[in-house]
Amino acid sequence: MAFPENFVWGAAAASYQIEGAAFEDGKGWSVWDMFCRKEGAVWRGHTGDVACDHYHRYQDDVAVMKKIGLQAYRLSISWPRVLPEGRGEVNAKGLEFYDRLIDALLAAEITPYVTLFHWDYPYALYLRGGWLHPNSSDWFADYTRVIVDKLSDRVRNWMTLNEPQCFVGLGHQVGIHAPGLKLGWKDVLLAGHNALLAHGKSVQAIRAAAKTPPLVGFAPVGTVAYPISDSPADVEAARLATFSFHEKTLFSNTWFADPIFFKQYPTDGLALFGADVPEVGADDMNIIAQPLDFYGVNIYQGMPVKAGDNGLPEVVPFDVGHPMTAFRWFVTPECLYWGPRFLYERYKTPVYITENGMSNIDWVSVDGEVHDPQRIDYTTRHLRTLHRAIEDGVDVRGYFHWSILDNFEWGEGYKERFGLVFVDYPTQQRIPKDSAKWYEHVIESNGESVLPAVTETPVA
Ligand code: NOJ
């Protein structure tokens, strides 16, 4: 059987990674505009100043999406494009860009899924303390209201934060993403707590102001440990590893999702972070734990695990020669079975795969085409495992391939190409890769084309 009847086939991108027009039409600076100017911060000093110039070429890009047959497109809004100071005065031109983009998508019969924050934080608010400021969650709620007022007559699907693990962890603790801070855990966890409050207040704001009934979720990283066999002991070990801490890190499912679904931080994380855990206000967890309509999750890879002698999870090293992407991420299709399955079991909320894909070493071949068999193979394998999860009862509502276009891959600049569509940056020419044409058939057949052919049992 193909995928469920209403399964949503989409692709995704994010404002800073594709829009460009970084200093046009009144847009304010984001922390990424600033971070890219710091020596050594981004590969070869690349910036998102121009990126894919999507701000000017969005109509062509929507036409490419339509050609592929996308049913949905996950975009994000640049907060400082709309509110140059992060709060206060609205930049009408910035807001109008999203207004036009949404109209273009709807005219092409592509459903917009809007992420409110995909990392391009207003620099003006950063100067006031950013995510460490006690009012930071209110700033985000105010920004949410501006967007919802303008777009919710046409937009129904909302995500608050993209990958808090990254913008808090990589941005405030590891220092390799904007704003490039290496704070102590106390401050890092405070920033994380404020981001959770921002999420909760944003959900409240969406539900209070939306003009059409909204469907609301978020889009964290899915850190997935998968069992190397189907034995109950290995499965239990993988489940445990997926939902537990073994070191101080924000790359955790539970640190962000448990407060949202269970009104509490995970006990093993609390024990590990000890005195660095922020003070949780009396009403904080009620604000954070707003009911969600879906659990969006970005999954690219997983970690193989088995049950050790004591039953506890043991990481199993990859074999020599295990497949890797251009980014040197191991290819582990099992993650798209076990990730959604574990998350659905624990949080009991319908899942969307809000990102999955791979970077590949793509170029334009002598025949003028871009051949990317690895991406087709990677996605085929991941869609097969996702399909198996659905067959086993996991409520997965849709799949968004990352990404529609090659784009600015944060600290890696334009080195990593994740797109279904190749972007020749000097000319801004778009060339749909083989995978884009392949994805067209996947969508057309509602996923049937990726499933293994059924071998008919001969009638005796
Ligand atoms: C996660 C992020 O949300 C996205 O911005 C990034 O480009 C992809 N993963 C690939 O690393």
Side-chain angles (χ1 to χ4, degrees), residues 43 165-166 170 174 176 221-231 233-242 246-247 249 251 297-309 312-342 353 355-366 369-389 399 401-403 406 409-420 422 433-436 438-439 442 449-453 455:
W43 191 75
Q165 291 94 339
C166 287
L170 299 182
V174 188
I176 58 169
V221 172
T223 61
V224 182
Y226 64 86
I228 58 160
S229 83
D230 282 349
S231 83
D234 286 347
V235 172
E236 193 42 42
R239 186 181 284 114
L240 195 64
T242 296
H246 55 282
E247 58 178 5
T249 176
F251 279 84
V297 65
N298 301 344
I299 301 179
Y300 290 82
Q301 55 183 332
M303 177 178 76
V305 154
K306 67 172 185 186
D309 292 338
L312 291 176
E314 239 175 53
V315 177
V316 179
F318 288 104
D319 284 339
V320 172
H322 189 94
M324 278 187 284
T325 70
F327 215 147
R328 297 298 185 238
W329 293 355
F330 285 111
V331 178
T332 57
E334 297 87 341
C335 65
L336 233 48
Y337 175 80
W338 292 103
R341 178 171 156 175
F342 286 155
I353 304 301
E355 286 183 29
N356 168 255
M358 62 165 279
S359 72
N360 194 43
I361 300 183
D362 298 322
W363 68 79
V364 184
S365 292
V366 281
E369 308 272 331
V370 179
H371 304 297
D372 57 342
Q374 288 88 347
R375 181 170 288 104
I376 293 174
D377 189 73
Y378 172 101
T379 313
T380 299
R381 289 173 189 273
H382 284 75
L383 287 174
R384 284 183 181 183
T385 52
L386 184 65
H387 183 257
R388 185 155 78 87
Y399 171 88
H401 192 81
W402 185 273
S403 175
D406 289 338
E409 179 55 25
W410 308 112
E412 307 303 319
Y414 298 94
K415 174 159 61 71
E416 304 297 337
R417 292 185 178 270
F418 275 91
L420 294 165
F422 183 89
K433 302 176 190 176
D434 287 354
S435 58
W438 167 86
Y439 197 42
V442 176
S449 64
V450 296
L451 300 178
T455 331

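Partners of Thr223 under the side chain to side chain donor-acceptor pair (under 3.5 Å) rule, at least two apart in sequence or in another chain, are Asn253. Qualifying ring-ring contact (aromatic ring centres under 6.0 Å, His included) partners for Tyr226, counting only residues two or more places apart in sequence or in other chains: none. With sequence neighbours left out, the ring-ring contact (aromatic ring centres under 6.0 Å, His included) criterion links His387 to Phe3. Applying the side chain to side chain donor-acceptor pair (under 3.5 Å) rule to Ser403 yields the partners Asn407; only residues at least two apart in sequence or on another chain are considered. Listed by chain and number, the residues in a side chain to side chain donor-acceptor pair (under 3.5 Å) with Arg417 are Asp406 (sequence neighbours excluded). Remark: His246 pairs with no residue by the ring-ring contact (aromatic ring centres under 6.0 Å, His included) rule, at least two apart or across chains. The side chain to side chain contact (heavy atoms under 4.5 Å, CB included) test applied to Ile176 returns Leu170, Val174, not counting sequence neighbours. Partners of Phe327 under the ring-ring contact (aromatic ring centres under 6.0 Å, His included) rule, at least two apart in sequence or in another chain, are Trp329. Evaluation of the side chain to side chain contact (heavy atoms under 4.5 Å, CB included) rule for Val224 yields Ile299, Cys335, Trp338 as partners, not counting sequence neighbours. Qualifying side chain to side chain donor-acceptor pair (under 3.5 Å) partners for Thr249, counting only residues two or more places apart in sequence or in other chains: none. With sequence neighbours left out, Thr380 forms a side chain to side chain contact (heavy atoms under 4.5 Å, CB included) with Ile376, Arg384, Trp438, Val450.
Counted within 6.0 Å of CG on Leu312, heavy atoms from surrounding residues, nucleotides or ligands total more than 12; the atom is thus considered enclosed.
For the atom pair Phe318 CZ and Met303 CE, the distance stands at 9.0 Å (nearest 0.5 Å). To the nearest 0.5 Å, atoms CG (Asn356) and OH (Tyr300) are separated by 7.0 Å. Note: His382 NE2 to Glu334 CD = 8.0 Å, rounded to the nearest 0.5 Å. Interatomic distance, Tyr378 OH to Gln301 CD, rounded to the nearest 0.5 Å: 7.5 Å. Atom CD of residue Glu355 and atom NE2 of residue His401 lie 10.5 Å apart, to the nearest 0.5 angstrom. Within the model, atoms OG of Ser359 and NZ of Lys415 stand 8.0 Å from one another, a figure rounded to the nearest 0.5 Å.
What you find for Val235 and Ser229 is that their closest heavy atoms are CG2-O, 4.0 Å. Nearest heavy-atom pair, Val305 versus Pro313, reported as atom, atom and distance to 0.1 Å: CG1-CB, 3.7 Å. For the residue pair Asp234 and Ala307, the shortest heavy atom distance occurs at OD1-N, 2.8 Å. Across all their heavy atoms, Ser449 and Val442 have their closest contact at OG-CA, 3.4 Å.
Ile353 places a side-chain heavy atom less than 4.5 Å from the side chain of Pro340. In this structure, Thr379 and Tyr399 have side chains that are in contact, with non-hydrogen atoms separated by less than 4.5 Å. Residues Val331 and Met358 fail the side-chain proximity criterion, which asks for heavy atoms closer than 4.5 Å.
Within the structure, the salt bridge (charged side-chain N to carboxylate O under 4.0 Å, His left out) test picks out the following pairs touching residues 374-383 (sequence neighbours left out): Asp362-Arg375, Asp372-Arg375, Asp377-Arg381.
Using a distance-only test at 3.5 Å, with no hydrogens or angles considered, a donor-acceptor pair links the side chain of Lys433 to the main chain of Gly419.
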